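First comes the structure, then the notes that go with it.
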Amino acid sequence: MKRFNPKSLWTLLLFTAFLPSCQTEKDKQETLQQCIDTRTGTAASITQTAGMFGKHTEEYGQTLPAVLEPNGMNFWTPQTQDTELKCIAPYYYRDSLMQGFRNSHWIVGGCTQDYGSMTLAALSGTLRCTPEARATRFSHDDETATPSYYAITLPDEHLKAEMTGRSRAAIFRFTYEQKGNAYLVVNPNSDEGKGYIEIDTLNRRIYGYNPVHRIYQGWGEAAGYSGHFVIEYQNQPSAFGTFRGDSLFANQTCIQSGQGIGVYVQFAVTEGETLLVKAASSFTDREGALRNLAAEIPHWDFDRTRQELSDIWERHLASIQVKTGDETARRKFYTALYHASFLPRAFSDADGRYPSFATGKPIRQLPEGETYYEDYSLWDTYRALHPLLNLLYPTRAGQMMQSLVHKYEEGGWLPIFPCWNSYTAAMIGDHCIAALGDAYVKGIGGFDIRKAYEGMRRNAFESPSTHEEYINGMGRRALPSYLRYGYIPLEDSVPDAFHKREQVSRTLEYAYDDFVLAQVAERLGKTKDYETLMRRAQNYRNVIDPRTGYAQGRHADGTFLAEDNAFRFAPFITEGAPCHYTWYVPHDPYGLMECMGGEEAYVAKLDSMFSQGRYWHGNEPCHQVAFMFNYARQPWKTQRAVRHILQTEYLDAPGGLSGNDDAGQMSAWYVFAALGFYPVCPGTPYYALASPSFQEAVLTLENGNTFRLLAPEASAENIYIQRVTLDGKPYTKNYITHEDILRGGTMEFEMGPEPVPGWGNKPEDCPSRAF
């Protein structure tokens with residue numbers, strides 16, 4: 001029995017009371033942003049399963065109320081927390097004091113670190129420089145938080161602050177209510193005390209940089225580059241100086257190397273006067289930041305920039321237009337699409353320059369029109385985020401894949417989990433292969449597949465020649481054990497990884513990665529590789545205990561653990577229990593049925609995930625589980641489970657996410673599931689059908705085609721598919737292909753309150769068997 005939390009209920013009611021209404025259907029083209037509150041996910045979860053599995057930071061969505069371009073370089077965000085430390089986001093809804101505005105590079109929705117950022121604050125009255133001293137009261141009632149515009153009234157500063165921007169640059173408008181002294185305070189956010197900042201009073205500019213440091217592999221080591229920034233202000237200052245902590249140094253123009261350093265600029269303002277401030281950043285150098293500012297905001301027209309960014313977002317969001325009488329569902333949907341638009345981030349300057357992967361040097365130059373991307377939370381995002389990009393924004397998706405190819409060319413190995421432009425082994429698996437393979441199988445262009453295959457194959461078949469390379473994050477963890485035994489035995493503790501042990505989860509994920517690589521090999525005519533990899537893709541069988549049908553730890557001598565541990569967290573499983581990871585065989589559900597003793601046993605175990613409260617939506621290993629009924633010819637159970645998850649694990653509130661959004665994966669899941677289909681096995685062209693939740697959804701595709709999903713009777717009660725037509729013809733398959741969608745057309749669902757077990761339940765209605 002779940003506990004009733006009146007405080008959580010009050011938070012939900014208070015938040016929804018101030019939400020703007022989405023506009024009518026005829027106006028939605030211009031007002032999709034009004035369906036988004038960017039603060040969703042910034043508070044502790046209040047969903048039904050909050051705290052059941054994940055604890056502490058895992059109970060937060062870890063999102064930002066950021067102004068940004070989709071997949072832009074900077075996430076311009078209000079700041080309530082002053083640190084770049086791991087697992088602390090710049091903003092939390094619970095906070096009541098604001099410290100300024102940050103050009104954040106936070107891995108949004110995750111638990112890593114911010115890096116290379118700076119923070120600026122506008123004050124009045126008394127000069128206070130440190131983030132803690134200048135922290136000032138604010139109320140959520142006075143916030144406007146949209147993807148293209150953020151505004152807040154700061155009563156103790158007697159000013160209104162507004163922010164809008166572009167990918168690499170932003171513009172701020174500070175309007176003062178009273179005559180007196182006004183201040184602009186800026187600090188580089190170097191937790192290591194390595195930052196630098198200076199004032200150029202002649203050109204009315206502030207310059208600085210914040211050196212980037214690694215975590216996970218190479219923790220604390222310099223990444224070889226810095227976050228450079230430039231700030232321009234219009235008004236002539238009346239005073240200026242630097243600070244270190246509480247110590248002020250009037251008329252000093254630069255300061256560096258220390259904790260709590262920064263600069264201040266003082267202005268004399270009149271009542272109602274407006275100060276305009278611009279900022280830009282670069283990961284190359286000061287000149288890069290200046291050129292980015294000139295390229296993106298070469299003027300002082302705040303409203304012009306706001307309109308430009310608003311137009312960008314409206315076009316981006318309009319790739320999917322939904323019709324529903326449920327305004328809450330519409331808000332959740334477009335908020336999810338917003339959250340699925342942060343990462344990977346643009347990393348190159350407007351002119352195409354970027355620091356080399358893994359070393360920072362030399363500075364590289366891209367061909368005109370290409371963007372280099374960074375921060376791939378691949379253990380999370382290969383599942384639904386990258387497939388969503390492949391479907392809706394294939395040109396951008398192709399450039400993201402080419403950026404992975406560049407990383408291979410520059411570093412010598414495809415990265416496992418590339419963040420802050422460095423190698424890491426932060427999570428498990430080898431899901432560059434999954435992301436690249438899915439893009440290739442689905443016909444995404446714009447990247448060198450042969451060079452990509454070279455890197456993919458090296459990861460799958462070779463280990464680094466030196467231990468230094470390996471501990472630096474290059475190559476698959478525990479690959480020799482995997483190749484020797486066909487699984488990773490418990491005796492291999494996988495010491496040179498952030499996540500140690502987790503041998504069974506690694507085995508399952510490598511088997512899936514091998515399957516995806518096999519699909520690429522087959523299409524490229526690499527027959528021998530294909531055959532070898534398809535055999536290896538069956539290695540998942542080696543860690544399913546035939547006695548129980550659940551995943552289990554296994555020793556090098558072939559014996560399984562004898563413990564009864566299927567339903568509790570185990571060290572050989574990543575962030576979960578064996579019952580969660582048992583379903584991680586997206587490439588061969590039919591073979592998994594055999595391992596479990598047949599279809600009936602498979603369905604019984606799958607049923608228990610939901611009937612016994614074992615399903616954990618707040619973490620990724622369960623994300624395909626609800627769709628696995630389709631393979632067992634019981635798609636109506638998928639329809640029921642997915643609708644329940646949509647209603648209970650996503651709320652229209654600051655605490656509306658059931659766990660870390662993980663770079664947009666949680667939100668991408670919602671986008672797919674709400675539409676009524678999901679990519680269970682990236683690397684194949686199939687989507688499992690579920691229960692469409694909108695009366696109409698229109699996908700406007702880059703190829704010029706339009707795909708419509710119609711479900712006129714869809715409602716909270718009518719969750720079951722009765723029958724389906726595709727372009728007017730009866731359709732009984734419980735899946736749809738990528739090509740079906742790209743071709744355009746109309747898929748219409750008749751929905752009802754009771755299941756129709758006869759629909760989609762024949763063997764030929766299920767995705768074909770791969771083995």
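Residue numbers count from 1 along this sequence. None of these values were measured; they are calculated from a predicted model.
Counting only N and O atoms by type, the side chains of S377 and D380 include a donor and acceptor under 3.5 Å apart. For the 3.5 Å distance criterion, the side chains of T153 and D142 fail to qualify, holding no donor opposite an acceptor. Between T424 and Q217, the side chains place no donor N or O within less than 3.5 Å of an acceptor N or O (distance only, hydrogens not considered). Between the side chains of Y264 and Q266, no donor N or O sits under 3.5 Å from an acceptor N or O. No hydrogens or angles considered: a donor-acceptor pair under 3.5 Å links the side chains of Q79 and R102. Checking Q236 against R204 by side-chain atom types alone, a donor-acceptor pair falls below 3.5 Å. With hydrogens and angles left out, the side-chain atoms of Q33 and H316 include no donor and acceptor closer than 3.5 Å. One side chain, N472 or R214, offers a donor N or O that lies under 3.5 Å from an acceptor on the other.
For Y423 and F357, the distance between ring centers is under 6.0 angstrom. Checked against a 6.0 Å centroid threshold, the rings of W106 and Y115 do not count as neighbours. Aromatic pair Y176/H158: centroids not less than 6.0 angstrom apart. Taking the six-membered ring for Trp, Y207 and H228 have ring centres at least 6.0 Å apart.
Atom CG of residue L64 and atom CD of residue Q62 lie 9.0 Å apart, to the nearest 0.5 angstrom. Going from atom CG of D661 over to atom CG of L385 covers 9.0 Å, rounded to the nearest 0.5 Å. Between the OH atom of Y183 and the CG atom of L275 there is a distance of 12.5 Å, given to the nearest 0.5 Å. Put simply, CG on L392 and CG on L389 are 7.5 Å apart, with the number rounded to the nearest 0.5 Å. Expressed to the nearest 0.5 Å, how far OG of S117 lies from CZ of F229 amounts to 9.0 Å. For the atom pair CG (D303) and OG (S310), the distance works out to 11.5 Å, reported to the nearest 0.5 Å.
Exactly one of F75, F283, Y225 qualifies for a ring-ring contact (aromatic ring centres under 6.0 Å, His included) with H105. That residue is F283. Here the rule is side chain to side chain contact (heavy atoms under 4.5 Å, CB included) with H339, and of V108, T63, V671 only T63 fits it. Screening N210, V186, N187 for a side chain to side chain contact (heavy atoms under 4.5 Å, CB included) with M118, the sole residue that qualifies is V186.
With hydrogens and angles ignored, the 3.5 Å screen pairs no side-chain donor or acceptor of E162 with any backbone N or O of T175. Of the possible polar contacts, none joining the N660 side chain to the G61 backbone as a donor-acceptor pair under 3.5 Å is found. D114 places no side-chain N or O within 3.5 Å of a backbone atom of E84 that could act as its donor or acceptor partner. In this structure, the side chain of T77 does not engage the main chain of A66 through any donor-acceptor pair within 3.5 Å. Although no hydrogens or angles enter the test, the distance criterion places a donor-acceptor pair under 3.5 Å between the side chain of K278 and the main chain of H299. Listed for the Q399 side chain is a donor-acceptor partner under 3.5 Å among the backbone atoms of T371. Side chain of Q402 to backbone of D448: a donor-acceptor contact under 3.5 angstrom is found. Using a distance-only test at 3.5 Å, with no hydrogens or angles considered, no donor-acceptor pair links the side chain of S282 to the main chain of L290. Judged by distance alone, with hydrogens and angles left aside, the side-chain atoms of R291 form no donor-acceptor pair with the main-chain N or O of A294 at under 3.5 Å. Side chain of N421 to main chain of S356: a donor-acceptor pair is present (N/O by atom type, distance under 3.5 Å, no hydrogens or angles).
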Could you check R168 against E296 for salt bridge (Lys or Arg N to Asp or Glu O under 4.0 Å), going step by step and ending with a plain yes or no?
CA-CA 7 Å; R168 303 166 181 88; E296 294 189 347; 2.9 Å; yes
Test side-chain contact (heavy atoms from CB on, under 4.5 Å) on Y376 and C419 and set out the steps.
CA-CA 6 Å; Y376 294 71; C419 290; over 6 Å; no
Before giving the answer on side-chain contact (heavy atoms from CB on, under 4.5 Å), spell out for N71 and R345 the whole-Å C-alpha distance, their side-chain angles and the decisive distance to 0.1 Å.
CA-CA 5 Å; N71 303 103; R345 81 173 74 252; over 6 Å; no
Apply ring-ring contact (aromatic ring centres under 6.0 Å, His included) to the pair Y92 and Y60, showing each step before the final yes or no.
CA-CA 9 Å; Y92 288 103; Y60 285 79; 5.4 Å; yes
Evaluation steps, side-chain contact (heavy atoms from CB on, under 4.5 Å), between F174 and V277:
CA-CA 8 Å; F174 304 117; V277 177; 3.9 Å; yes
Using the rule given for side chain to side chain donor-acceptor pair (under 3.5 Å), can you reason through S403 versus E374, listing the C-alpha separation, both sets of side-chain angles and the distance that settles it, and then say yes or no?
CA-CA 8 Å; S403 296; E374 179 50 37; over 6 Å; no
Residue pair E177, K160: steps toward the salt bridge (Lys or Arg N to Asp or Glu O under 4.0 Å) verdict:
CA-CA 8 Å; E177 299 172 356; K160 179 180 181 180; over 6 Å; no
Full working for side-chain contact (heavy atoms from CB on, under 4.5 Å) between L309 and E69:
CA-CA 7 Å; L309 186 56; E69 281 192 20; 3.6 Å; yes
After noting the C-alpha distance and the side-chain angles of R39 and E143, does the key distance pass the salt bridge (Lys or Arg N to Asp or Glu O under 4.0 Å) rule?
CA-CA 10 Å; R39 298 169 298 182; E143 282 186 308; 2.9 Å; yes
Could you walk me through whether Y393 and S319 satisfy the side chain to side chain donor-acceptor pair (under 3.5 Å) test, starting with their C-alpha distance in whole Å, then the side-chain angles of each, then the deciding distance to 0.1 Å, before giving a yes or no?
CA-CA 9 Å; Y393 316 109; S319 59; 2.9 Å; yes
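By the 4.5 Å heavy-atom criterion applied to side chains, F447 and M400 are not counted as neighbours. The shortest distance between side-chain heavy atoms of S148 and E314 does not fall below 4.5 Å. Contact of the T381 side chain with the D662 side chain is not registered, since no non-hydrogen atoms from C-beta on lie closer than 4.5 Å. Residues F172 and F302 form no side-chain contact, since every pair of their non-hydrogen atoms from C-beta on lies 4.5 Å or further apart. Residues I255 and F249 meet the side-chain proximity criterion, which asks for heavy atoms closer than 4.5 Å. At least one side-chain heavy atom of P65 sits less than 4.5 Å from a side-chain heavy atom of T42. No side-chain heavy atom of T136 sits under 4.5 Å from any side-chain heavy atom of L123. P344 has its side chain within reach of H386: a pair of non-hydrogen atoms, C-beta onward, lies under 4.5 Å apart.
Y149 carries R306 over the face of its six-membered ring, with the cationic atom under 6.0 Å from the centre and within 45° of the normal. In this structure, R286 is not positioned above the aromatic face of Y209 in the sense of NZ or CZ being under 6.0 Å from the six-membered ring centre and within 45° of the axis.
R128 has a carboxylate O that lies under 4.0 Å from a charged side-chain N of E157, or vice versa, which qualifies the two as a salt bridge. Here E273 does not pair with K179 in a salt bridge; the nearest charged N to carboxylate O distance is not below 4.0 Å.
Between T253 and F240, the shortest heavy-atom contact is CG2-CE1, 3.9 Å.
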